[in-house]
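One structure below.
Values below: all heavy atoms of this structure, side chains included; hydrogens, waters and symmetry mates excluded. All of these numbers come straight from a predicted model, not from anything done at the bench.
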Amino acid sequence: MDAAVARFKSLGFPDQKARETAANKKICARFETLLDAFNPSSTSPHLALLYSLASTATPVAGSTHLMFIGGAIISEKLKSSEQVSAAIKFCETVKDSEINVAAFNEVCGVGVEISLADISKGINELFITKKEEIEKKGHSVLGILIAEMKKKLKWANAATVKEEVEKKLTEVLGPRSAAKKPADSKEPTKNNVAAAPQAKPTIAEMAKTFKFVHEGQLSQLHKPGENPQIKPVLMEEHLKRTGGRVMTRFPPEPNGFLHIGHAKAINVNFGFAKAYDGFTYLRYDDTNPEAEEEKYFTSILETIRWLGFEPSAITYSSDHFQRLYDLAVQLIKKDKAYVCHCTGEEIHAHRGGDSMGPRSECIHRSRPIAESILEFERMKCGEYAEGEAILRMKMDMFNPNPQFWDLVAYRVLFSHHYRTGDEWCIYPTYDYTHCLCDSFEDITHSLCTTEFTLSRESYYWLVDALEIYKPVQWEYGRLALTYAIMSKRKLLQLVNEKFVSGWDDPRLYTMAGVRRRGFTPEAINAFVRELGVTNSNSVIPAERLENFVRDHLNEVAPRLMVVTEPLKITITNLPDDHLEYITVPNKPRDDSMGTHVIPFTRTVYIDASDFRENDDPEFFRLILGKSVGLLNVPRPIIAKEVLKDNTGKVIEVKAEIEDSFKTKPKAYIHWVAESEKDNSPVRVEIRNYSNLFFHPNPMDKKLVPGGWLSDINPNSLVVVNAFAEVGVRTSKVEDKFQFVRLGYYCVDLDSDVENGKYVFNRTVSLKEDAGKQ
């Protein structure tokens with residue numbers, strides 16, 4: 001493996017990409033075969049397409065016809081990833097037969113040259129047919145137009161098409177930021193005002209875009225009806241049932257809470273189907289009753305709906321237990337499955353053991369069909385204890401793909417099932433269940449992460465062995481974040497060992513955790529859609545997600561003033577009973593957000609960090625003998641005197657309010673008034689969260705030799721008791737606010753707002769210059 005990693009890195013692959021490729025036996029073998037045959041340099045324009053071929057080829061294209069497609073890339077007959085994808089599909093249809101070169105060239109667009117004039121003509125025709133939709137949806141229709149052009153001119157340069165569609169859309173609608181002008185308004189000219197730059201889309205707009213579907217690898221996926229079947233009639237019947245609609249599914253195991261990686265899976269599956277007016281099922285993969293609990297079923301659906309999606313139907317693998325069992329019997333009758341009594345150690349040894357040596361078939365593999373049927377019935381009737389018997393699929397123990405080494409289809413498990421009770425004591429495995437349920441539900445695109453790449457061939461093997469409809473499996477890269485743990489087992493350990501308060505602890509990147517912390521569904525959806533979809537696994541800096549959250553909260557969060565380290569300010573030239581009410585905007589310069597009213601009195605509280613007793617030319621807030629502005633108060637105050645306790649700590653500042661502005665203050669600070677009539681200030685609890693781990697990757701044994709638990713930051717939660725202005729009383733659980741000059745905060749579920757108890761979680765800090773004073 002080390003030699004392969006070094007070879008791939010010499011070709012310019014980043015370290016992580018090189019290691020991922022080398023670790024995938026099938027992709028690595030294909031890619032090295034192509035490298036040995038064609039010897040491309042690190043600067044070769046063909047390298048990326050050769051890798052695309054190695055990583056996306058189907059079984060036939062990746063073996064029998066690998067060199068033919070590779071040669072077409074090197075000879076520049078295939079110049080784009082779209083053409084390589086078409087070549088793979090073509091080779092899959094011809095299977096092991098000799099390739100008809102003329103047919104291959106026609107299907108793959110070999111020699112087809114599409115000029116800029118052809119593209120422009122196609123765009124003009126498209127804009128005529130889509131006129132009403134363009135006028136209605138404006139610039140948001142861009143992705144749809146690009147996808148239509150790809151259908152219209154399949155072999156056109158994708159970058160040129162995108163550029164020309166954008167240009168035409170701007171020509172028709174004007175720049176994205178330009179508002180509709182009155183009929184008599186003048187158009188900008190070179191002597192007039194230049195057109196405004198295109199505005200950045202809002203987070204809410206980014207959360208709804210289908211750009212990630214219509215561009216990149218998702219845009220290259222097959223259309224319903226294009227995936228070949230072992231019998232053509234299977235596709236005919238499938239299309240009758242679906243009407244040719246795209247069908248996807250999100251199939252979580254209900255044995256834990258979803259995490260941020262699942263947000264990508266949800267957007268990919270629901271987003272892809274919605275982009276093509278299709279359907280998405282939520283299917284609970286409930287085949288492991290030992291770990292499944294009602295709270296997980298409930299939380300999964302709540303999370304999907306919180307993100308803004310609604311399943312077309314909610315299904316369960318357990319809906320199909322009887323049918324799955326019947327097909328297992330059929331598989332045995334076809335001599336494609338057998339009951340095995342080997343121990344786990346024996347199975348491991350048959351598969352080559354730790355040394356990955358020669359593989360061998362177990363003694364039960366050749367037992368008579370009738371005997372396996374009887375033994376399987378005995379398993380079903382509970383005559384075997386757990387571990388004494390399993391049903392295995394009779395695949396190919398000598399195939400280089402481990403997913404062909406006679407996978408387990410059924411095991412004995414005496415566990416009460418959440419839905420079926422004690423009806424069954426044998427349960428199907430994921431490897432057996434998943435593809436069959438996809439087939440039962442007429443899924444067109446079985447979208448999953450890349451750890452299932454090797455499972456694609458076994459997926460196809462099983463549905464073909466049973467001669468039922470075959471969906472297409474396609475893999476995309478997983479999403480992971482720095483400073484985060486995604487493993488359910490490790491998350492459970494953090495919860496059980498009380499390192500965190502629960503699955504919804506705001507320091508975790510579970511979906512329940514980030515929701516409680518105050519992340520918005522719009523920010524999460526925008527984040528994962530902006531990342532796009534590729535075959536590469538990615539570890540994204542957590543700060544990047546926080547930026548999306550910060551940007552969205554900046555757009556939608558009302559402002560409140562909260563003082564975390566209160567210092568009393570007495571304005572001595574105001575009467576003791578002075579009370580006035582000030583109307584403040586919920587968001588400055590945005591009248592649509594409304595206003596609220598706060599009291600202003602003789603006594604106010606500011607943050608202690610906003611006062612210094614001694615002069616400092618770099619400090620622009622309150623200094624003894626100098627003035628500062630109070631936010632939303634028309635006149636500044638000037639500090640006159642300090643009172644200290646017996647330790648020398650300043651506990652009060654005597655100040656005066658100026659009669660009028662002599663000069664504009666250099667700075668304004670936030671404050672909260674003391675008003676008995678208004679029960680101000682309002683006491684609140686603030687929970688300031690930071691990263692749970694010290695290192696971006698707590699699993700890195702070089703940086704964290706003591707193990708990942710030793711990397712936990714004991715100061716990742718700091719609790720502060722603070723004073724808040726009266727505007728906080730309008731809040732309810734999960735409301736979000738910007739605490740002026742502090743950060744963005746969310747009302748925690750530990751609050752009891754009806755009885756005046758307020759707990760706030762820091763969502764993200766403000767984006768400020770750390771050196772600013």
Side-chain angles (χ1 to χ4, degrees), residues 1-67 69-70 73-74 81 84-85 88 217 261 348 351-359 396 398-405 407 448-459 473-482 486-487 531-540 696-704:
M1 179 173 167
D2 290 343
V5 171
R7 183 179 192 181
F8 299 153
K9 289 174 71 173
S10 73
L11 292 171
F13 282 39
D15 182 72
Q16 181 181 349
K17 181 79 171 180
R19 292 185 182 280
E20 287 177 359
T21 303
N24 189 311
K25 294 181 180 179
K26 188 166 290 295
I27 294 176
C28 180
R30 289 172 179 167
F31 193 42
E32 289 205 295
T33 298
L34 292 167
L35 295 179
D36 291 341
F38 302 114
N39 194 30
S41 68
S42 60
T43 58
S44 169
H46 308 126
L47 186 62
L49 290 182
L50 291 174
Y51 182 78
S52 177
L53 169 60
S55 60
T56 62
T58 53
V60 173
S63 54
T64 307
H65 303 301
L66 183 70
M67 300 308 295
I69 302 175
I73 291 171
I74 295 298
S81 56
V84 172
S85 179
I88 291 170
Q217 293 182 346
H348 181 61
R351 290 173 172 174
D354 293 337
S355 64
M356 299 303 290
R359 296 185 293 280
D396 182 359
F398 304 103
N399 189 302
N401 184 349
Q403 286 299 110
F404 263 78
W405 297 348
L407 302 178
C448 57
T449 46
T450 51
E451 67 265 34
F452 296 104
T453 299
L454 293 179
S455 299
R456 189 197 310 160
E457 289 187 49
S458 55
Y459 180 113
Q473 176 178 306
W474 183 80
E475 308 85 21
Y476 58 89
R478 301 181 72 171
L479 168 63
L481 295 179
T482 55
M486 301 296 186
S487 161
L531 289 176
V533 182
T534 69
N535 298 120
S536 300
N537 290 324
S538 54
V539 180
I540 305 299
N697 180 10
M699 303 303 297
D700 189 325
K701 293 181 179 179
K702 291 182 180 179
L703 294 176
V704 190

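Taking 4.5 Å as the limit, every side-chain heavy atom of Thr482 sits out of range of all side-chain heavy atoms of Asn697. Between Leu481 and Val539 there is no side-chain heavy-atom pair separated by less than 4.5 Å. Contact annotation: the side chain of Lys26 approaches that of Leu454 to within less than 4.5 Å [non-hydrogen atoms, C-beta and beyond]. When side chains are defined from C-beta on, Arg19 does not count as touching Phe13, because their heavy atoms never get closer than 4.5 Å. By the 4.5 Å heavy-atom criterion applied to side chains, Gln473 and Thr453 are not counted as neighbours. Here the side chains of Glu475 and Glu451 are not in contact, with every heavy-atom distance at 4.5 Å or above. Put simply, the side chain of Gln217 reaches to within 4.5 Å of the side chain of Trp474, judged on heavy atoms. With contacts defined as side-chain heavy-atom distances shorter than 4.5 Å, the pair Asp354/His348 qualifies.
Atoms CD1 and CD1, from Ile69 and Ile74 in turn, are 13.0 Å apart once rounded to the nearest 0.5 Å. Interatomic distance, Leu11 CG to Ser44 OG, rounded to the nearest 0.5 Å: 9.5 Å.
Side-chain polar atoms of Tyr476 and Ser536 form no donor-acceptor pair below 3.5 angstrom. Side-chain atoms of Thr450 and Asn537 include a donor-acceptor pair closer than 3.5 Å.
Shown here for Ala57 and Arg30, the closest heavy-atom pair between the two residues is O-NH1, 3.0 Å. Scanning all heavy atoms of the two residues, the minimum distance from Met486 to Ala480 falls at CE-CA, 4.1 Å. In this structure, Phe404 and Glu457 approach most closely via the heavy-atom pair CE1-CB, 3.4 Å. Smallest separation of non-hydrogen atoms from Leu53 and Leu34: CD2-CD1, 3.9 Å. Between Ser455 and Gln403, the shortest heavy-atom contact is OG-NE2, 3.1 Å. In terms of heavy atoms, Pro40 sits closest to Leu50 at CG-CD1, 3.8 Å.
For the pair Asp36 and Arg7, the salt-bridge criterion is met [side-chain N within less than 4.0 Å of a carboxylate O].
With hydrogens and angles disregarded, no donor-acceptor distance shorter than 3.5 Å links the side chain of Ser52 to the backbone of Ala48. The backbone N or O of Trp405 lies less than 3.5 Å from a partner atom in the side chain of Arg351, making a donor-acceptor pair.
In this structure, Phe8 has its ring center closer than 6.0 angstrom to the ring center of Phe31.
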Q: Test Thr56 against Ser85 for side chain to side chain contact (heavy atoms under 4.5 Å, CB included), laying out the working first.
A: CA-CA 8 Å; Thr56 62; Ser85 179; over 6 Å; no
